[in-house]
Structure formats: C-alpha cells, structure tokens
Amino acid sequence: MPSAGDSHGWFLLNVQQYGYYRVNYDAANWNALIQQLNNDHTVIAPVNRAQLIDDAWNLASAGETDVETALGTLEYQDREDDYIPWASAEKQLNDLRTRMSTTSGYG
C-alpha cells in the first residue's frame, strides 16, 4: 500500500479493514483516493475499495463528509470486476433508493 509520502499523494487507514470503525479523510485525501480509483483502482486492494465506498457513503449520511465525495467513490465502478466493492456499492445505492422513496419527489 502506498504511504502518505509517495508519488500517489494519498494515504489509506484501516488497511484490510483491520478494525471496525469508519475512517474520514480531509477533502484533499478523499480527492486523491478517488483519483487513484479512477486512474488505476487495482492499486488499492478490493476490501479497501469496498471500505472507501462504505465509509464515504455512511459518513455522508451522517453529515461528516459531502455527497459529492460519496458519489466520487463510484465513478470507477464500470471498471470494477471484484465482488466486494460491487456489494458495497449496491448496498449503499439500495439504501439511497430507500431513503429517496420516502420523499415527495420520488417516482
């Protein structure tokens, strides 16, 4: 995994989801991680790609990061071929659909 000081310009905490907690990054690191996903997502392990999606969406739901960050974690999905990140994305999108279905503008 690249460290904070390498040429990628990003760092990743809770590698391989060692602990059960959410990780929130500053906007610059979120953007660098999203750029890495878009450029070459395979640099980040599948479990950590799923973790990024899950953390960003749950943090956005809690108001701890913005929705644009959460959406950014899905931009690369058309190139994703691993089950774990897809399962995370599907769960978050289903949760979003459920929340939106209770609004007057849905449907």
Side-chain angles (χ1 to χ4, degrees):
M1 215 43 63
S3 67
D6 75 4
S7 63
H8 291 286
W10 53 264
F11 62 92
L12 184 66
L13 301 175
N14 198 15
V15 176
Q16 300 297 326
Q17 286 191 312
Y18 183 76
Y20 185 73
Y21 48 87
R22 301 265 175 240
V23 178
N24 197 359
Y25 302 102
D26 64 17
N29 198 60
W30 273 119
N31 290 334
L33 286 164
I34 290 167
Q35 183 176 5
Q36 182 63 63
L37 291 172
N38 288 326
N39 291 341
D40 181 5
H41 64 280
T42 64
V43 170
I44 300 172
V47 69
N48 290 118
R49 297 194 302 265
Q51 169 195 359
L52 289 170
I53 294 165
D54 195 55
D55 284 352
W57 282 83
N58 281 286
L59 289 164
S61 291
E64 297 296 322
T65 193
D66 55 46
V67 174
E68 290 81 9
T69 297
L71 289 168
T73 63
L74 301 180
E75 291 173 354
Y76 84 100
Q77 283 294 119
D78 63 329
R79 295 178 308 283
E80 181 62 73
D81 59 0
D82 197 284
Y83 171 77
I84 298 169
W86 270 112
S88 183
E90 179 183 30
K91 179 191 179 307
Q92 297 306 326
L93 292 171
N94 282 337
D95 288 351
L96 177 63
R97 184 181 65 220
T98 299
R99 284 192 305 270
M100 290 183 70
S101 70
T102 64
T103 65
S104 61
Y106 186 80

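Counting begins at 1 with the first residue of the sequence.
Side-chain contact between T69 and L59: absent, with no pair of heavy atoms (C-beta onward) separated by less than 4.5 Å. Looking at heavy atoms from C-beta onward, L33 lies in side-chain contact with I44 at the 4.5 angstrom threshold. Between N24 and D55 the shortest side-chain heavy-atom distance does not fall below 4.5 Å.
Contacts of R99 classified as salt bridge (Lys or Arg N to Asp or Glu O under 4.0 Å), with partners at least two apart in sequence or in another chain: none.
A donor-acceptor contact closer than 3.5 angstrom is absent between the side chains of S61 and N58. At a cut-off of 3.5 Å, with distance as the only test, no side-chain donor of N38 or Q35 sits close to an acceptor on the other residue.
T42 contributes atom OG1, which lies 8.0 Å from atom CD of Q36 (distance to the nearest 0.5 angstrom). Distance check: N48 CG to D54 CG gives 12.0 Å after rounding to the nearest 0.5 Å. Rounding to the nearest 0.5 Å places CG of D95 at 10.5 Å from CD of E90. Rounded to the nearest 0.5 Å, atoms CD1 (I34) and CG (N29) are 10.0 Å apart.
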Legend entry - Full working for side chain to side chain contact (heavy atoms under 4.5 Å, CB included) between L52 and Y25: CA-CA 10 Å; L52 289 170; Y25 302 102; 4.0 Å; yes
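Cluster membership check: L37 shares its hydrophobic cluster with L71, using side-chain heavy-atom separations under 4.5 Å among Ile, Leu, Val, Met, Phe, Trp and Tyr. Hydrophobic cluster membership differs between V47 and V23, with clusters built from Ile, Leu, Val, Met, Phe, Trp and Tyr side chains linked at under 4.5 angstrom.
Applying the ring pair (Phe, Tyr, Trp, His ring centres under 6.0 Å) rule to pairs touching residues 49-86 yields H41-Y76, sequence neighbours excluded. Under the salt bridge (Lys or Arg N to Asp or Glu O under 4.0 Å) criterion, the residue pairs touching residues 71-89 are R49-E80, with sequence neighbours excluded.
Heavy-atom minimum distance, L74 versus A89: CD2-CB, 3.6 Å. In terms of heavy atoms, D66 sits closest to A60 at O-CB, 3.9 Å. Listed here is the closest heavy atom pair of I84 and A50: CG2-CB, 3.4 Å.
Counting only distance, with no hydrogens or angles, the side chain of Q51 and the backbone of L13 share a donor-acceptor pair below 3.5 Å. Using a distance-only test at 3.5 Å, with no hydrogens or angles considered, no donor-acceptor pair links the side chain of S88 to the main chain of P85.
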